[in-house]
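The structure appears below as structure tokens.
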Amino acid sequence: MSPSYPSVQREGSPVPPPAPARAPPRRLGGTFLAGSGGRLLPAAVPFGYFGAAVLFQAWAWVALAFGAPAWADGPGGLGWPLAALHAVTLGVLACSAMGASLQMLPVATRQPLVRAGLAGWPGLLLVPGTLGITLGMGLARPLWLAAGAGVAGVALAGWGVLLALNLRGAHGMPGVVLHGWGALGALVLLLVSAGALVALWLGVPPWGRTSGRALHLAAGVFGVMGLLVLGLSTILLPMFAIGPVPAERVQLAGGAAGALAVALAAIAAFLPGTPALGLRAAALTCGVLALALHLRTMRRTLREGLRKDLGGTGTLLQVAWAAAACTLALGAVVVALDALDAAALAGPEGAGSPAGGGSEAGRTAGRLFVVAAVAGWLLTFLIGVLHRILPFLAAMHAARGQRRGPTPSMLTLEPALALHRRAHLAALALLLLGTALRSAPVLWAAAAAGLAGALAFAAFFAVLCRRLVHEQRSGG
Ligand code: HEM
């Protein structure tokens with residue numbers, strides 16, 4: 001029988017123990033996975049995207065090896081450094097973002113993928129398009145660049161349409177959905193700016209190079225990739241840590257701050273001198289707010305999660321978050337140096353571009369800003385996530401139609417992942433050092449370490465796929 005308490009307390013009478021405060025129900029990460037087997041795409045689709053990303057990662061380090069002297073000398077423009085950058089941004093980041101978003105969003109938003117039959121097509125176009133773009137950049141052939149850009153542009157637009165169709169019908173997860181719409185808006189700006197930059201190299205520039213580059217950087221790195229990383233993290237991290245899903249209102253506030261930062265930076269690209277500097281400073285402030293909200297919720301998820309130790313993935317995520325903070329600090333340095341240049345009336349051609357002010361110091365800070373954002377934050381985060389999610393996804397596929405499927409660790413070649421993690425971190429440190437010192441030998445060392453890691457990752461991926469096929473054959 002439940003204890004009964006007098007309705008009015010008399011002075012001196014024993015006070016009943018307070019009823020336990022009812023904690024708000026905690027939504028734990030990964031609960032949406034229950035019954036999600038039916039929303040899995042055919043294995044060839046996500047593994048095709050991730051396989052392409054594995055190969056482009058190796059290609060990026062090879063391109064950096066070709067481009068080390070040019071990166072150290074720093075003339076900018078077409079060349080192997082730009083090819084290496086796009087092997088990462090398009091080949092690794094965009095391919096993985098396509099695979100992850102097309103597979104994760106239907107699972108997380110509890111609806112089958114709309115037009116699932118078309119899910120593999122953007123990837124089939126993005127791979128040759130990225131090859132054309134990177135070869136056109138590396139060999140300085142604008143026509144190859146333009147041809148590759150046309151094909152990759154269709155791929156990115158097709159992915160955008162698929163994503164929009166799925167976001168439109170999403171149930172729940174408004175924070176994730178807001179980040180998704182923000183990334184889609186930025187994708188439109190990315191396509192426009194990429195087209196303008198290619199036209200510039202074909203000799204028909206629609207607007208100045210500085211404006212095009214600034215818009216492209218803001219839309220691609222922070223808009224499309226940055227917002228997707230922030231949004232998908234709120235699905236992935238709670239799932240990895242079996243921890244609480246961040247409160248929707250915090251996710252919405254962070255997403256709005258992030259989207260505003262991108263919008264301000266995009267407008268700043270077309271303003272002159274002081275107004276541009278003011279808007280870039282405001283964009284940085286919004287970026288700091290978005291990152292602070294994000295890191296606070298992620299730390300809570302990790303602290304309260306049932307799985308305390310995320311192993312190597314945890315290390316990579318911490319490095320990625322530190323790099324995101326460094327990116328914003330470097331952005332502030334670039335804005336400050338540009339402001340000094342403007343005050344000294346140097347009137348440099350690069351002033352107003354977030355990736356390179358007019359002075360030598362400004363250009364070096366601008367390059368470090370791009371390296372910290374692309375290799376330090378986005379690529380390191382992605383590697384951390386792929387190390388954990390690929391075995392997990394393979395185990396889900398292997399379990400289909402089986403009474404008892406394999407565990408993710410049974411499919412994983414752990415030593416290869418450890419080698420990839422260490423080599424990537426070494427390559428990142430060397431890349432930052434080589435960029436700061438403008439030293440080709442240090443950049444070659446970075447390329448060698450990065451390539452060793454990328455090959456280890458390729459070995460892991462090949463073994464994973466072989467074990468998955470074996471399980472599917474023996475189970476079927
Ligand atoms: C169709 C796809 C794309 C094409 C055709 C393309 C083309 C270009 C070109 C021609 C440049 C050279 C600008 C110059 O210095 O004259 C450039 C720079 C750059 N791109 Fe892309 N790009 C594409 C996609 C992306 C994506 C998806 C990202 C990031 C996620 C990205 C990030 C960058 C960055 C960071 C720079 C350097 C900006 C700077 O130094 O100011 N690009 N791109």
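We count ligands from 1, going down the list as the structure has it; atoms in each ligand are counted the same way. Since this is a predicted model, take the numbers as computed values, not measurements.
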Of all the atoms in ligand 1, which lie at a distance below 4.0 Å from a heavy atom belonging to M225? 30 (C)
What do we get for L85 next to ligand 1 when only non-hydrogen atoms under 4.0 Å count, side chain, backbone, both or neither? side chain
How does L191 reach ligand 1, if at all, at less than 4.0 Å between non-hydrogen atoms: by side chain, backbone, both, or neither? neither
Between the main-chain N or O of W207 and the side-chain N or O of S211, is there a donor-acceptor pair closer than 3.5 Å? no
What are the atoms of ligand 1, with element, lying closer than 4.0 Å to any heavy atom of L217? 35 (C)
The atoms of ligand 1 lying under 4.0 Å from a heavy atom of V198, numbered in the order shown, are 5 (C)
Below 4.0 angstrom from a heavy atom of T89, which ligand 1 atoms are there? Numbered from 1 as shown, please. 26 (C), 28 (C), 29 (C), 30 (C), 31 (C)
Pick one of side chain, backbone, both or neither for how L190 approaches ligand 1, counting any non-hydrogen atom pair under 4.0 Å. side chain
Report yes or no: is the cationic atom of R367 (NZ for Lys, CZ for Arg) under 6.0 Å from the centre of the six-membered ring of W71, at an angle within 45° of the ring normal? yes
Show the atoms of ligand 1 that are less than 4.0 angstrom away from any heavy atom in A149. 5 (C)
Report the part of L90 in contact with ligand 1, treating N, CA, C, O as backbone and CB onward as side chain, heavy atoms under 4.0 Å; options are side chain, backbone, both, neither. side chain
Which of the atoms in ligand 1, numbered in the order shown and given with their element, are less than 4.0 Å from a heavy-atom of M137? 7 (C), 8 (C), 9 (C)
Which of the atoms of ligand 1 are close to W201, meaning less than 4.0 Å from one of its heavy atoms? 10 (C), 14 (C), 16 (O)
Going by distance alone, is a donor N or O of one side chain under 3.5 Å from an acceptor N or O of the other, for W59 and T130? no
